[in-house]
Amino acid sequence: VQLQASGGGLVQTGGSLRLSCAASGRTFTYYALAWFRQAPGKEREFVSAINWTGGRTFYADSVKGRFTISRDNAKDTMALQMNSLKPEDTAVYYCAVARSPYGRNWPPRSDEFGSWGQGTQVTVSS
């Protein structure tokens with residue numbers, strides 16, 4: 001499966017952005033999905049995840065209460081609504097799909113995800 005993230009841009013502190021992730025090649029209906037981000041000079045951070053039904057979600061403490069992950073299995077898409085953005089949210093955001101379908105562990109580990117798509121740059125100005 002190939003993933004393509006989009007929706008990034010430049011926004012002021014306190015603003016909002018909505019990222020989208022679309023799949024091609026095969027469906028990711030039965031797979032958990034996730035968002036990661038990587039800022040310059042920093043390690044990749046596991047930001048959020050959603051299980052295959054959309055009924056379970058995970059958020060890193062750094063974004064909890066500000067970001068909302070969602071998915072539309074009928075369209076093979078995923079979204080990340082980002083509100084109250086901070087300069088520390090500046091990074092390239094990537095979407096990823098779980099290596100195995102369904103998944104029993106929740107929250108998942110970050111290493112359970114692969115098939116990285118092309119990222120989208122999010123820049124939050126102070």
Side-chain angles (χ1 to χ4, degrees):
V1 62
Q2 293 182 334
L3 303 176
Q4 177 67 56
S6 61
L10 174 64
V11 65
Q12 291 185 335
T13 296
S16 298
L17 282 174
R18 184 176 179 85
L19 305 184
S20 296
C21 178
S24 62
R26 67 167 172 82
T27 181
F28 54 41
T29 298
Y30 303 109
Y31 293 76
L33 301 170
W35 288 97
F36 291 75
R37 67 186 181 185
Q38 188 164 21
K42 295 187 177 181
E43 293 187 355
R44 186 167 59 201
E45 181 184 7
F46 183 22
V47 175
S48 182
I50 188 167
N51 78 331
W52 72 278
T53 67
R56 290 183 171 185
T57 57
F58 161 80
Y59 298 97
D61 288 343
S62 57
V63 306
K64 199 172 294 183
R66 301 186 297 120
F67 290 11
T68 302
I69 190 171
S70 61
R71 67 187 295 164
D72 185 339
N73 285 342
K75 298 181 179 179
D76 262 345
T77 58
M78 172 178 65
L80 185 69
Q81 178 66 41
M82 305 187 297
N83 299 328
S84 302
L85 284 163
K86 305 174 181 180
E88 50 263 45
D89 294 319
T90 295
V92 178
Y93 284 70
Y94 300 90
C95 52
V97 62
R99 301 178 192 279
S100 299
Y102 304 113
R104 297 184 178 181
N105 298 322
W106 202 265
R109 300 188 313 272
S110 60
D111 62 2
E112 293 181 38
F113 294 90
S115 297
W116 304 96
Q118 291 187 343
T120 186
Q121 176 71 46
V122 171
T123 303
V124 185
S125 63
S126 57

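Basis for what follows: all heavy atoms, side chains included, without hydrogens, waters or symmetry-related copies. We're numbering straight along the sequence, starting at 1.
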Which of parallel (below 30°), tilted (30 to 60°) and perpendicular (above 60°) describes W52 and Y102?
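Aromatic pair W52/Y102 classed perpendicular.
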Is there side-chain contact between [X] and [Y], with heavy atoms separated by less than 4.5 Å?
X: S70; Y: M78; value: no
X: L17; Y: L85; value: yes
X: L19; Y: V122; value: yes
X: F36; Y: C95; value: no
X: E45; Y: S62; value: yes

Between D89 and R66 (salt bridge meaning N to carboxylate O under 4.0 Å), is one present in this structure?
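Answer for the salt bridge query: yes.
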Given the rule that I, L, V, M, F, W and Y join up when any side-chain heavy atoms are under 4.5 Å apart, are L10 and L80 in one cluster?
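In one cluster with L10: L80, no.
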Return yes if a side-chain donor-acceptor contact under 3.5 Å exists between D76 and T27, otherwise no.
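Side-chain D/A pair, D76 to T27: present.
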With a 3.5 Å cut-off and no angle check, do the side chains of N83 and S16 form a donor-acceptor pair?
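Yes, because at least one side-chain N or O of N83 sits under 3.5 Å from a partner of the opposite role on S16.
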Quick one: does any side-chain atom of [X] pair with a main-chain N or O of [Y] as donor and acceptor, under 3.5 Å?
X: R37; Y: Q121; answer: no
X: S48; Y: I69; answer: no
X: N105; Y: P108; answer: no
X: T13; Y: S125; answer: yes
X: T90; Y: V124; answer: yes

Check this for me: E88, atom CD, are more than 12 non-hydrogen atoms of other residues, nucleotides or ligands nearer than 6.0 Å?
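Yes.
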Looking at Q2, I'd like to know if its CD atom is crowded, meaning that more than 12 non-hydrogen atoms belonging to other residues, nucleotides or ligands lie closer than 6.0 Å.
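For Q2, atom CD is not crowded (no more than 12 foreign heavy atoms under 6.0 Å).
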Least distance between heavy atoms, [X] atom then [Y] atom:
X: W35; Y: A79; value: NE1-O, 3.6 Å
X: W106; Y: I50; value: CH2-C, 3.4 Å
X: A91; Y: A39; value: CB-N, 3.8 Å
X: R109; Y: F46; value: C-CE2, 4.2 Å
X: K42; Y: Q38; value: O-NE2, 3.1 Å
X: V97; Y: S115; value: CG1-CB, 3.3 Å

Run the numbers on T68 and Y59 for side chain to side chain contact (heavy atoms under 4.5 Å, CB included), then give the verdict.
CA-CA 8 Å; T68 302; Y59 298 97; 3.9 Å; yes
